[in-house]
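Computed over heavy atoms, backbone and side chain alike; hydrogens, waters and symmetry mates excluded. When a residue number appears, it is its place in the shown sequence, counting from 1.
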Amino acid sequence: MNTMSNKMSSGAHEEQIDIAAIFHEIWAHKWLVLVITALSLSLGVLVVLKKAPQYQSSALLQIDSRSGLGQSGSAVQQLFLGNNTQGDSAQAQIALIQSRFILDPVINALGLNLSIHPKATSFWQYFMLPSKNSVHIDLFQVPHSRLNKRFFLVVDKPGHVQLYDEYKLLILEGGIKSTLSTTNERVKINISSIKAPIGATFILIKKSNTKVMQQLLKRLSIDEAGSRTHQNTGVLNIALIGESPKQIVQTLNAIASTTQKKDAEKKAQEAAQTLDFLYKQLPLTKKMLERAESALNQYRAKSGKIDIKLQTQFLLNQLAELAKQQGELRIKKIEM
């Protein structure tokens with residue numbers, strides 16, 4: 001028993017942590033520990049300072065579920081589709097806004113598929129002293145095979161630039177404020193202004209619209225106001241998150257204006273088709289009315305039992321109603 005207890009006590013003594021030895025080891029390498037700690041803290045501060053803040057902006061967009069037929073068309077929709085037309089229209093509009101039908105024109109109009117960044121010349125400049133160089137490009141066209149590839153724009157002399165591809169090969173050069181293109185015209189660029197010293201370099205990337213749309217949808221949220229309370233308000237709440245307050249406001253305004261423009265074009269097309277249909281149907285209706293009136297007169301002459309005036313007035317009222325609808329559609333088309 002004494003032998004076993006001695007072995008257990010010696011084993012427990014060996015498993016104890018020697019705090020003094022650990023502190024002695026740290027103190028022996030104190031300068032290395034201090035250097036590593038300082039570097040870690042410095043990198044953490046630099047990363048926090050380099051990370052751009054996120055901003056959010058929102059807009060309200062009202063959806064008009066009425067078609068190009070005006071009030072009569074809306075009444076027909078409610079008759080055949082029920083009272084849920086407003087909600088179905090809002091869901092359809094949300095799907096359209098999230099599709100290429102709306103986002104492609106927005107991306108092209110605002111140039112969201114063009115990335116421009118000044119190239120940092122040193123680690124210190126990249127983290128602590130961001131470049132103030134800027135360039136405004138009105139046109140940058142590349143073939144499909146070079147989408148999402150890097151290009152390098154170099155200011156070689158005042159008002160003159162050189163464009164290099166991803167392999168640092170010179171593909172074109174020339175002055176600003178004019179359209180520059182390669183011999184096969186597959187790469188074109190037009191620089192309206194540039195603010196940078198000689199030797200400054202910019203990194204250009206022409207992104208595909210599909211890639212830009214995917215990135216945009218991650219920052220875009222759309223829902224119908226009142227959907228949580230199960231109310232179909234017909235008002236969409238569109239919110240966008242981004243690093244540039246100016247750009248997210250421009251993007252939201254472009255999405256709203258493009259949506260309204262496309263909706264107006266659709267309603268104008270529906271009104272034009274309806275007008276064309278009425279133009280073709282009115283002569284046929286008039287002929288049918290004349291035939292019916294003649295047949296009624298003949299029948300009345302034979303039997304004398306039908307009030308031809310009442311029937312004729314009824315048909316004339318129908319014709320007048322059709323003419324009234326035609327006039328409303330013509331006014332609606334002019335307004336749209």
Side-chain angles (χ1 to χ4, degrees), residues 52 99-121 125-126 130-217 219-220 240 242-262 264-265:
S99 68
R100 300 178 67 97
F101 182 71
I102 299 295
L103 294 183
D104 256 356
V106 172
I107 293 172
N108 294 330
L110 298 181
L112 301 179
N113 51 1
L114 178 59
S115 173
I116 307 174
H117 295 290
K119 184 180 180 182
T121 57
Q125 182 185 16
Y126 179 79
S131 176
K132 296 182 179 181
N133 301 336
S134 62
V135 59
H136 295 279
I137 299 177
D138 294 335
L139 171 67
F140 186 46
Q141 177 180 323
V142 299
H144 188 270
S145 59
R146 291 196 172 185
L147 290 175
N148 305 315
K149 304 290 185 181
R150 293 199 303 174
F151 290 83
F152 300 93
L153 184 69
V154 180
V155 182
D156 59 337
K157 52 186 178 181
H160 195 274
V161 294
Q162 295 177 332
L163 185 66
Y164 295 84
D165 62 6
E166 57 180 324
Y167 304 107
K168 304 296 181 66
L169 298 176
L170 179 64
I171 56 177
L172 60 84
E173 60 178 332
I176 63 174
K177 298 183 180 180
S178 61
T179 302
L180 309 176
S181 61
T182 56
T183 54
N184 56 7
E185 296 188 352
R186 299 190 67 188
V187 178
K188 295 181 180 181
I189 189 171
N190 189 319
I191 303 172
S192 58
S193 64
I194 189 168
K195 183 180 178 181
I198 296 176
T201 303
F202 295 89
I203 300 176
L204 310 181
I205 302 177
K206 187 63 177 287
K207 302 178 182 178
S208 64
N209 282 13
T210 301
K211 184 176 181 179
V212 178
M213 189 177 72
Q214 292 173 352
Q215 296 173 349
L216 185 61
L217 288 175
R219 301 184 288 113
L220 183 69
L240 182 64
E243 298 177 357
S244 172
K246 181 180 178 180
Q247 187 182 75
I248 61 177
V249 171
Q250 289 178 344
T251 304
L252 282 177
N253 290 336
I255 289 175
S257 61
T258 303
T259 302
Q260 292 177 344
K261 180 181 178 182
K262 296 289 186 181
E265 291 176 354

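The CG atom of L103 sits 8.5 Å away from the OG1 atom of T259 when rounded to the nearest 0.5 Å. Atom CG of L112 and atom CD1 of I107 lie 6.0 Å apart (nearest 0.5 Å). In this structure, OG on S208 lies 9.5 Å from CE on M213, to the nearest 0.5 angstrom. Distance check: T201 OG1 to Q162 CD gives 10.0 Å after rounding to the nearest 0.5 Å. Interatomic distance, I255 CD1 to L252 CG, rounded to the nearest 0.5 Å: 5.5 Å. N133 CG to K119 NZ: the interatomic distance, rounded to the nearest 0.5 Å, is 13.5 Å.
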Test side chain to side chain contact (heavy atoms under 4.5 Å, CB included) applied to K262 and I102, step by step: CA-CA 8 Å; K262 296 289 186 181; I102 299 295; 3.8 Å; yes
Candidate pair I171 and V187, rule side chain to side chain contact (heavy atoms under 4.5 Å, CB included), full reasoning: CA-CA 9 Å; I171 56 177; V187 178; 4.2 Å; yes
Full working for side chain to side chain contact (heavy atoms under 4.5 Å, CB included) between L216 and T251: CA-CA 10 Å; L216 185 61; T251 304; 4.3 Å; yes
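Between F140 and I116 there is no side-chain heavy-atom pair separated by less than 4.5 Å. Side-chain contact between F151 and R146 is present, with at least one heavy-atom pair separated by less than 4.5 Å. Within the 4.5 Å cutoff, the side chain of L172 has no heavy atoms near those of the S181 side chain. I176 is not listed as a side-chain neighbour of S193, based on a closest heavy-atom distance of 4.5 Å or more. In this structure the side chain of V155 never reaches within 4.5 angstrom of the side chain of V135, judged on heavy atoms. In this structure the side chain of F152 reaches within 4.5 angstrom of the side chain of I203, judged on heavy atoms.
Nearest heavy atoms, K207 versus L147: O-CD2, 4.2 Å. Counting all heavy atoms, side chain and backbone alike, I191 lies closest to V161 at CD1-CG2, 3.7 Å. D156 approaches I198 most closely through the heavy-atom pair O-CG2, 3.4 Å. The minimum heavy-atom distance linking L153 with I189 is given by the pair CD1-CD1, 4.4 Å.
Listed for the N209 side chain is no donor-acceptor partner under 3.5 Å among the backbone atoms of N113. Panel note: side chain S257, backbone A254; a donor-acceptor pair is recorded below 3.5 Å.
The 12-atom threshold is not exceeded at CZ of R150, counting heavy atoms of other residues, nucleotides or ligands nearer than 6.0 Å. No more than 12 heavy atoms of other residues, nucleotides or ligands sit less than 6.0 Å from atom CZ of R186.
Remark: D138 pairs with no residue by the side chain to side chain donor-acceptor pair (under 3.5 Å) rule, at least two apart or across chains.
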